[in-house]
Amino acid sequence: MATQRVLPQSKETLLQNYNKRLKDDIRSILDNFTEIIKSAKVEEETQVSRATQAEQDHYEMHVRAANIVRAGESLMKLVSDLKQFLILNDFPSVNEAISLRNQQLRTLQEECDKKLISLRDEIAIDLYELEEEYYSSSCGQWDGVELPLCEAFHRQDSWGSPEMTSDPSRANPEDSDNLGSQESMQRHLNSHGSSTSEQS
């Protein structure tokens with residue numbers, strides 16, 4: 001069971017003032033309304049004429065109705081003051097709301113951490129299986145030496161790249177020298193055969 005909070009003296013005095021205003025305004029509304037009802041009663045003949053009495057009653061009703069309106073406006077102002085007092089001074093409720101929000105955010109953070117850890121484990125397992133598959137295949141061998149995964153794929157891509165097959169400027173210099181020597185030998189043989197045919 002929650003214990004009653006002890007308010008400072010200024011706040012306690014302010015709340016007592018609010019309570020007094022509330023009781024005074026309600027009493028004013030009740031008293032003025034009761035007097036209006038009494039004024040509506042038709043009385044017997046008196047020394048004052050009926051016209052004068054009616055005018056007096058009419059004026060009294062207007063005054064008491066204005067008092068009721070004033071008391072109602074005072075009650076509305078009291079409600080506004082109470083709301084402001086609650087917003088500015090109700091620290092336990094504000095702290096409770098903050099604590100509840102922090103708890104919700106911590107729960108959300110824990111769920112996100114669990115999902116991230118699970119995702120990390122799944123990626124690690126898949127990567128391990130890929131490395132096992134790679135090192136057990138021929139893609140991971142290069143002249144008898146095991147290459148890293150990224151290096152092997154880089155070289156494999158360079159084998160089939162269009163630049164290596166279509167650009168003659170990227171050809172091996174040794175292949176160009178061999179091709180030139182073959183053409184020179186062919187020209188020499190052709191010239192030797194033509195000179196033999198002329199002598200015969």
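Source: prediction; values computed, not measured. FYI, the numbering just counts along the sequence from 1.
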Between CD on residue Glu110 and OG1 on residue Thr107, distance to nearest 0.5 Å:
6.0 Å

Does the side chain to side chain contact (heavy atoms under 4.5 Å, CB included) test come out yes or no for Lys38 and Thr34, once each step is laid out?
CA-CA 6 Å; Lys38 290 180 179 180; Thr34 304; 4.0 Å; yes

Answer yes if the side chains of Glu132 and Tyr128 hold a donor-acceptor pair under 3.5 Å, and no otherwise.
yes

Nearest heavy-atom pair of Asn32 and Ser28: which atoms, and what distance?
ND2-O, 2.6 Å

With Ile98, which residues qualify under side-chain contact (heavy atoms from CB on, under 4.5 Å), at least two apart?
Val94, Asn102

Residues 118-125 side chain polar contacts: donor-acceptor under 3.5 Å, at least two apart:
none

Once rounded to the nearest 0.5 Å, what's the spacing between atom CD1 of Ile29 and atom CG of Asp24?
11.5 Å

What is the distance from atom CD of Glu35 to atom CD1 of Ile37, rounded to the nearest 0.5 Å?
10.5 Å

Decide side chain to side chain contact (heavy atoms under 4.5 Å, CB included) for Leu108 and Gln104; before the verdict, give the C-alpha distance in whole Å, the side-chain angles of both, and the deciding distance to 0.1 Å.
CA-CA 6 Å; Leu108 181 61; Gln104 293 175 354; over 6 Å; no

Please report the closest heavy-atom contact between Ile68 and Phe33, naming both atoms and the distance.
CD1-N, 3.8 Å

Listed partners of Gln56 passing side-chain contact (heavy atoms from CB on, under 4.5 Å), at least two apart:
Gln53

With hydrophobic residues grouped by side-chain heavy-atom distances under 4.5 Å, do Leu22 and Leu15 end up in a single group?
yes

How many angstroms lie between CG in Asn67 and NE2 in His62, if you round to the nearest 0.5 Å?
13.0 Å

Please report the closest heavy-atom contact between Ala71 and Asp25, naming both atoms and the distance.
CB-O, 3.6 Å

Let's go through Arg64 and Glu60 carefully: what are the C-alpha distance in whole Å and the side-chain angles of both, what is the deciding distance for salt bridge (charged side-chain N to carboxylate O under 4.0 Å, His left out) to 0.1 Å, and is it a yes or a no?
CA-CA 6 Å; Arg64 294 192 179 279; Glu60 184 181 357; 3.1 Å; yes

Provide the closest heavy-atom pair for Ser74 versus Arg21 in the form atom of the first, atom of the second, distance.
O-NH2, 4.0 Å

Does atom CD (Gln16) have a neighbourhood of more than 12 heavy atoms from anything else shown, all under 6.0 Å?
yes

Take Arg27 and Asp31 through the salt bridge (charged side-chain N to carboxylate O under 4.0 Å, His left out) test and state the conclusion after the steps.
CA-CA 6 Å; Arg27 186 182 299 108; Asp31 293 342; 5.3 Å; no

Starting at CZ of Arg70, measure out to CG of Leu75 and round the result to the nearest 0.5 Å.
9.5 Å

Same cluster (ILVMFWY, side-chain, under 4.5 Å), Ile36 and Leu30:
no

Within this structure, what is the CD1-NZ distance for the pair Ile117 and Lys115, rounded to the nearest 0.5 Å?
13.0 Å

Walk me through whether Leu82 and Leu86 qualify under side chain to side chain contact (heavy atoms under 4.5 Å, CB included).
CA-CA 6 Å; Leu82 287 173; Leu86 183 63; over 6 Å; no

